[in-house]
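Contents: one structure, followed by commentary.
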Amino acid sequence: MGIPEQFTPSTAAGRDGLAALLAAPGEAVVALDFDGTLAPIVADPTAARAHPRAAAVLSALAPRVGAVAVVTGRPAADAVAYGGFDGVPGLEHLTVLGQYGAERWDAHTGELTAPEPPAGVAAARTALPDLLTREGAPEGTWTEDKGRALAVHTRRTAEPQPAMDRLRAPLAAFAAEHGLVVEPGRFVLELRPPGVDKGGALEAFLAEHSARTVLYAGDDLGDLAAFAAVEKRRAEGLPGLLVCSGPTTGEARVRELADRADLVVPGPAGLMDLLAALAEELGTQA
């Protein structure tokens, strides 16, 4: 039957990665970001929900590959709830790595592992409102408490990008004072502990599963570390496929990821089509 032509990667490395996944799916991991990848971006992150087809598509794909992982900066419990993943037949091979891998939820046990937040986050949580007031954060700026991280959003302001640019330097200095780092995203600056990113989470998960091949899909700058991890593996002779969920034009941060990707799909709906095509093709091989 074959994979539809629109899902043919634009790079040789990507085509090799897709071919390896199809040839030996049991040795492959499919890893996916949540916001902007599995779920459309919305103004209020608490209102984000996975694409309506996500649970069904993943439940069809997961039994046919080595493992499926959701790698997100969100708390794992939120990703599970917003994704509708709990108790779905076929998702026994799904793992959610939340807070960049610091938290973990395994579908086959339903067990959630979530260590205590670092002390620096607690101190920053208390002091952050005063910092934003002193820096004249525009109306509409708001803070999302992720437990192990704090995210300052500017999407609701009159001028989201200038507001984000204005806060970037003072938040970087503030984060450093509390032993944290700042990770930029789509009109958001996230303060979190250093040394924790999607690349490290992905590498550890792949090692755990002795995976030879990986497909990773993301949509924003926070996914660059995971892209880099896949590129490093490819340099070592291990195949991988990099997918960008989003347009090739628009926000600079999306374009940067698209430029690194082997395949760009039109948002979460396009990703669902890709994953469904993979599940169908692998089903014909069973």
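Under the 4.5 Å side-chain heavy-atom criterion for grouping Ile, Leu, Val, Met, Phe, Trp and Tyr, Val70 is not connected to Ile41 through any hydrophobic cluster. The hydrophobic cluster containing Val88 also contains Val65, counting ILVMFWY residues as joined when their side-chain heavy atoms lie under 4.5 angstrom apart, directly or transitively. When the side chains of ILVMFWY residues are joined at heavy-atom separations under 4.5 Å, either directly or via intervening members, Leu112 and Leu94 end up in a single hydrophobic cluster. Tracing side-chain contacts under 4.5 Å through hydrophobic residues (I, L, V, M, F, W, Y), one never reaches Leu150 starting from Val181; they form parts of separate clusters. Under a hydrophobic clustering in which Ile, Leu, Val, Met, Phe, Trp and Tyr are joined whenever their side-chain heavy atoms come within less than 4.5 Å, directly or via other members, Val182 and Tyr100 fall into different clusters.
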Please list, one pair per line, the donor and acceptor atoms closer than 3.5 Å that link side chains of residues 202-212 to other protein atoms, with sequence neighbours excluded.
from   : atom 1 : to     : atom 2 : distance (Å)
Glu208 : OE1    : Arg104 : NH1    : 2.8
Glu208 : OE2    : Arg104 : NH2    : 2.8

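A salt bridge links Arg186 to Asp219: one of the charged nitrogens lies within less than 4.0 Å of a carboxylate oxygen. The pair Arg148-Glu103 does not meet the salt-bridge criterion, since no charged nitrogen lies less than 4.0 angstrom from a carboxylate oxygen.
Heavy-atom minimum distance, Ala47 versus Val42: C-CG2, 4.0 Å. Between Ala277 and Ile3, the closest heavy-atom pair is O-CD1, 3.7 Å. Of all the heavy atoms in Arg155 and Pro160, the pair that sits closest is O-CG, 3.7 Å. Across all non-hydrogen atoms, the minimal contact from Thr213 to Leu21 is CG2-N, 3.9 Å. A pairwise comparison of heavy atoms in Gly83 and Ala55 identifies O-CB, 4.4 Å as the closest pair. Minimum interatomic distance between Thr141 and Val152 (heavy atoms only, all atoms of both residues): CG2-CG1, 3.7 Å.
With sequence neighbours left out, the salt bridge (charged side-chain N to carboxylate O under 4.0 Å, His left out) criterion links Asp86 to no other residue. Scored by the side-chain hydrogen bond (donor to acceptor under 3.5 Å, both in side chains) test, Glu27 finds no partners at all (sequence neighbours excluded). Every ring-ring contact (aromatic ring centres under 6.0 Å, His included) that His178 has, sequence neighbours left out, goes to Phe174. Taking Asp35 as the reference, Arg74 meet the salt bridge (charged side-chain N to carboxylate O under 4.0 Å, His left out) condition, with sequence neighbours excluded. Shown here are the salt bridge (charged side-chain N to carboxylate O under 4.0 Å, His left out) partners of Arg260, two or more places apart in sequence or in another chain: Glu231. For Asp273, the side-chain contact (heavy atoms from CB on, under 4.5 Å) partners two or more places apart in sequence, or in a different chain, are Phe7, Arg53. Qualifying salt bridge (charged side-chain N to carboxylate O under 4.0 Å, His left out) partners for Glu135, counting only residues two or more places apart in sequence or in other chains: none.
Remark: the backbone N or O of Ala60 is paired with a side-chain donor or acceptor of Arg64 at under 3.5 angstrom. Under the 3.5 Å distance criterion, the side-chain polar atoms of Thr95 are left unmatched by any main-chain donor or acceptor of Asp106. Checked by atom type and distance alone, the side chain of Thr154 never pairs as donor or acceptor with a backbone atom of Thr157 at under 3.5 Å.
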Evaluation steps, side-chain hydrogen bond (donor to acceptor under 3.5 Å, both in side chains), between Asp223 and Tyr216: CA-CA 9 Å; Asp223 297 299; Tyr216 183 85; 2.6 Å; yes
Quick one, Leu274 with Val243, criterion side chain to side chain contact (heavy atoms under 4.5 Å, CB included). Give me CA distance, side-chain angles, the key distance, then yes/no. CA-CA 10 Å; Leu274 169 63; Val243 179; 4.1 Å; yes
Mind running side chain to side chain contact (heavy atoms under 4.5 Å, CB included) on Leu61 and Leu282 for me, showing each step along the way? CA-CA 8 Å; Leu61 177 63; Leu282 293 174; 4.1 Å; yes
Apply side chain to side chain contact (heavy atoms under 4.5 Å, CB included) to the pair Thr143 and Leu128, showing each step before the final yes or no. CA-CA 9 Å; Thr143 301; Leu128 184 56; 3.7 Å; yes
Worked check of salt bridge (Lys or Arg N to Asp or Glu O under 4.0 Å) between Arg192 and Asp197: CA-CA 10 Å; Arg192 56 181 174 82; Asp197 59 35; 5.8 Å; no
Would you please test Asp44 and Arg156 for salt bridge (Lys or Arg N to Asp or Glu O under 4.0 Å) and show each step? CA-CA 9 Å; Asp44 180 0; Arg156 299 177 186 170; 3.6 Å; yes
Between Leu22 and Leu278, does a side chain to side chain contact (heavy atoms under 4.5 Å, CB included) hold up when you go through it step by step? CA-CA 8 Å; Leu22 294 174; Leu278 288 174; 4.0 Å; yes
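Under the 4.5 Å side-chain criterion, counting only non-hydrogen atoms from C-beta, Gln161 is in contact with Asp165. At least one side-chain heavy atom of Val121 sits less than 4.5 Å from a side-chain heavy atom of Leu180. Residues Thr72 and Leu32 fail the side-chain proximity criterion, which asks for heavy atoms closer than 4.5 Å. For the pair Val57 and Met272, the minimum side-chain heavy-atom distance is below 4.5 Å. The shortest distance between side-chain heavy atoms of Met164 and Arg166 does not fall below 4.5 Å. For the pair Asp33 and Leu38, the minimum side-chain heavy-atom distance is 4.5 Å or more. Pro239 has its side chain out of reach of Arg234: every pair of non-hydrogen atoms, C-beta onward, lies at least 4.5 Å apart. You'll find the side chain of Leu58 reaches within 4.5 Å of the side chain of Leu91, heavy atoms only.
Sorted by first and then second residue, the ring-ring contact (aromatic ring centres under 6.0 Å, His included) pairs with a member in residues 33-82 form an empty list; sequence neighbours excluded. Among pairs with a residue in residues 170-179, none fulfils salt bridge (Lys or Arg N to Asp or Glu O under 4.0 Å), at least two apart in sequence or across chains. Residue pairs that meet the side chain to side chain donor-acceptor pair (under 3.5 Å) test with at least one member in residues 113-128, sequence neighbours left out, are Arg125-Asp145.
Counting non-hydrogen atoms of neighbouring residues, nucleotides and ligands closer than 6.0 angstrom, the CD atom of Glu236 exceeds 12 such neighbours.
Note that the SG atom of Cys244 and the CG atom of Leu263 stand 9.5 Å from one another [nearest 0.5 Å]. For the atom pair OG1 (Thr133) and CG (Leu131), the distance works out to 8.5 Å, reported to the nearest 0.5 Å. For the atom pair CG (Leu242) and CG (Leu257), the distance works out to 8.5 Å, reported to the nearest 0.5 Å.
Grouping Ile, Leu, Val, Met, Phe, Trp and Tyr residues whose side-chain heavy atoms lie under 4.5 Å apart, directly or via other members, leaves Trp142 alone, with no other cluster members.
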